[in-house]
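Just so you know, ligand 1 is whichever comes first in the structure, and atom 1 is the first atom listed for that ligand.
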Amino acid sequence: MAKRILLIITGGIAAYKGLALIRLLKKEGHNVNVVLTEGALKFVTPLSVQALAGTEPHTALFSPTEESRIGHIALSRDADMIVVYPATANILAKMHHGFADDLASTILLATDKPILVAPAMNHRMWNHPATQQNVDALTARGVRFVGPEEGDMACGEYGPGRAVEPEELVQTIRETRADKISDIASGLRVLVTAGPTHEAIDPVRYIANRSSGKQGYAIAAAFAQCGAHVTLVSGPTSLPAPEDVARIHVTTAEEMFYACQHVGPVEIAVCVAAVADWRLETPSAHKLKKGEEERLQLALVRNPDILASISQPGPTRPPLVIGFAAETDDVQENAAQKRTRKNCDWIVANGVDAQNAPFGQDDNTVMIIDETSTETWPHLPKEEVAARLVQRAVQAVRARTSHSV
Ligand code: CTP
């Protein structure tokens, strides 16, 4: 699938490989926009870039003509991904520390798009603790590295530091999803429960609720689009499985409970499902027939609480557990109590009333309640609620665990 790629070429002898990459990407039908750093201009000319890419490269941060034509924010916004090839030790240091003193570093600081970096430098520079710390920190933030390779270097030495060949980078770009929002959640494992549960009364009837599963599915999709490994345990819904999400179908609360227990360790669990609190003690094996009676009593027993069980303290407890609460009265107070009672870290609360009846709808008004604060978000599409929640959750879990996969 054709992608819009913003290629940043930085200054090094391997900059010529950037030109070869442009040619290969264009051959595959991608749209390539190029930024040259001051260093890169010493190795490749804007004219050769223009001839290959079909558009003029961008070079200056404070250029009145360029900023009015296309600003640094727009350059990132209009791209599906950013590729830095070759990447010098200098640009890695700038990226790690958030420098924004030229067009390339400013774009890299301002972007929320996936970033692919292919470093090229002398092996001593690559192995230096400063560079290695930069690489570790950037990897933890979701920046993806390709290479460097080991081999003969332009300086006559041998070791790791050679930029990968452009063909290898093209392959990686091909494998990166075009709708991928970022890599911020890469390396994180996430469990999401969604949808209603159905508790059988007899072979044709069941107890259910109004949950459509839309919010849970949007959250699972948003985590996957940010690079997480997502398992979605879903009650009955008609929604298609989001791309790159492992979906496990269940019907009852008990099935959902056991499915969640078997998912294995995760860093984040988000229980969005509207789980039936009760099930029939003994569902009838045959369809219940009406007699003369005016009243029918069904004996119900409690279902296991999935959220409370995931939140139990212990070595397998995920570092971040998020529950949901749909309340009709005293939303904030009831939801806050639910958070404490179920021992989860955050509760996403929504009021169910005439103004906000989220069931089956495409948007939602929610409050995020954690140990110390309550945040009220505006009325938003469920996808936007999901995207914001993912950002907040990933930040929190990385801070809690210094997780750097
Ligand atoms: N939940 C769960 N397992 C259950 C019941 C609820 O995992 N058996 C989770 C839901 O997925 C949600 C949170 O608990 O994240 C709150 O669900 P809710 O139905 O509002 O909570 P209840 O405990 O059922 O409280 P209430 O008394 O309001 O029904």
Side-chain angles (χ1 to χ4, degrees), residues 190-200 206-220 223 230-237 239 247-263 266 268-281 300-313 316-318 320-353 356-360 364-371 374 382 385-386 389-390 392-393:
V190 180
L191 164 67
V192 180
T193 70
T197 62
H198 288 178
E199 310 296 330
Y206 54 81
I207 300 173
N209 57 64
R210 292 182 192 277
S211 167
S212 65
K214 281 184 185 170
Q215 186 63 80
Y217 273 59
I219 290 168
F223 269 113
V230 185
T231 307
L232 171 65
V233 179
S234 170
T237 77
L239 300 172
R247 177 167 64 172
I248 301 171
H249 283 290
V250 295
T251 304
T252 66
E254 273 193 308
E255 285 171 13
M256 189 173 273
F257 177 75
Y258 292 120
C260 290
Q261 280 195 329
H262 286 98
V263 164
V266 294
I268 303 173
V270 195
C271 293
V272 197
V275 186
D277 292 320
W278 307 94
R279 68 177 183 279
L280 256 75
E281 195 165 16
L300 302 176
V301 291
R302 278 291 277 268
N303 270 327
D305 192 311
I306 301 161
L307 174 61
S309 110
I310 294 175
S311 299
Q312 258 175 26
T316 57
R317 186 193 192 279
L320 184 67
V321 184
I322 306 172
F324 268 65
E327 305 285 344
T328 49
D329 309 287
D330 304 323
V331 180
Q332 188 172 345
E333 201 183 308
N334 277 329
Q337 280 172 11
K338 209 165 264 180
R339 193 192 75 81
T340 323
R341 197 169 64 241
K342 302 206 181 200
N343 200 30
C344 59
D345 300 289
W346 304 350
I347 279 271
V348 181
N350 44 31
V352 181
D353 55 30
N356 190 54
F359 299 114
N364 202 356
T365 309
V366 301
M367 247 180 244
I368 314 292
I369 301 173
D370 62 22
E371 203 178 351
T374 297
K382 286 183 174 170
V385 171
L389 194 69
V390 167
R392 200 183 195 271

Working to the nearest 0.5 Å, report the span between NE2 of His198 and OG1 of Thr251.
-> 8.0 Å
Give the numbers and elements of all ligand 1 atoms closer than 4.0 Å to a heavy atom of Gly323.
-> 15 (O)
Would you name the heavy atoms of Ile322 and Ala393 that are closest together and state the gap between them?
-> CD1-CB, 4.2 Å
Is the shortest distance from a Lys or Arg side-chain nitrogen in Asp370 or Arg392 to a carboxylate oxygen in the other one below 4.0 Å?
-> yes
Which heavy atom of Glu371 sits nearest a heavy atom of Arg339, and at what distance?
-> CA-NH2, 3.4 Å
Name the closest protein heavy atom to atom 27 (O) of ligand 1, giving the residue it belongs to and the distance to 0.1 Å.
-> Arg341 NH2, 4.5 Å
Value rounded to 0.5 Å, distance of CZ in Arg247 from OG1 in Thr237 = 6.0 Å
re atom 7 (O) of ligand 1, the protein heavy-atom contact at minimum distance is Leu307 N, 2.8 Å
Could you check if a side-chain atom of Phe324 sits within less than 4.5 angstrom of a side-chain atom of Leu307, using non-hydrogen atoms only?
-> no
Run down the list Ala273, Ser211, Pro304, Ala253 and name the one with the heavy atom closest to atom 8 (N) of ligand 1.
-> Pro304
For atom 26 (P) of ligand 1, what is the nearest protein heavy atom, given as residue, atom name and distance?
-> Lys338 NZ, 3.7 Å
Go through ligand 1 atom by atom and flag the ones less than 4.0 Å from a non-hydrogen atom of Cys271.
-> 11 (O), 12 (C), 15 (O)
Drop me the distance from Leu191's CG to Thr231's OG1, to the nearest 0.5 angstrom.
-> 6.5 Å
Heavy atom under 4.0 Å from ligand 1: found in Ala308's side chain, backbone, both, or neither?
-> neither
Does a side chain donor of either Thr252 or Tyr206 reach within less than 3.5 Å of an acceptor in the other side chain?
-> no
In terms of atom number and element, which parts of ligand 1 are under 4.0 angstrom from non-hydrogen atoms of Lys342?
-> 1 (N), 5 (C), 6 (C), 9 (C), 13 (C), 14 (O), 16 (C), 21 (O), 22 (P), 23 (O)
At under 4.0 Å between heavy atoms, what of Asp277 touches ligand 1? The answer is side chain
Nearest neighbour in protein (non-hydrogen) for atom 16 (C) of ligand 1 = Phe324 O, 2.9 Å
Atom 19 (O) of ligand 1 touched by protein (heavy atom, under 4.0 Å) = no
If you look at every heavy atom in Ala349 and Ile369, which pair is closest and at what distance?
-> CB-CD1, 4.3 Å
Before signing off on this row, confirm whether Ile306 and ligand 1 have an N or O atom pair separated by under 3.5 Å.
-> yes
Is the shortest distance from atom 24 (O) of ligand 1 to a protein heavy atom below 4.0 Å?
-> yes
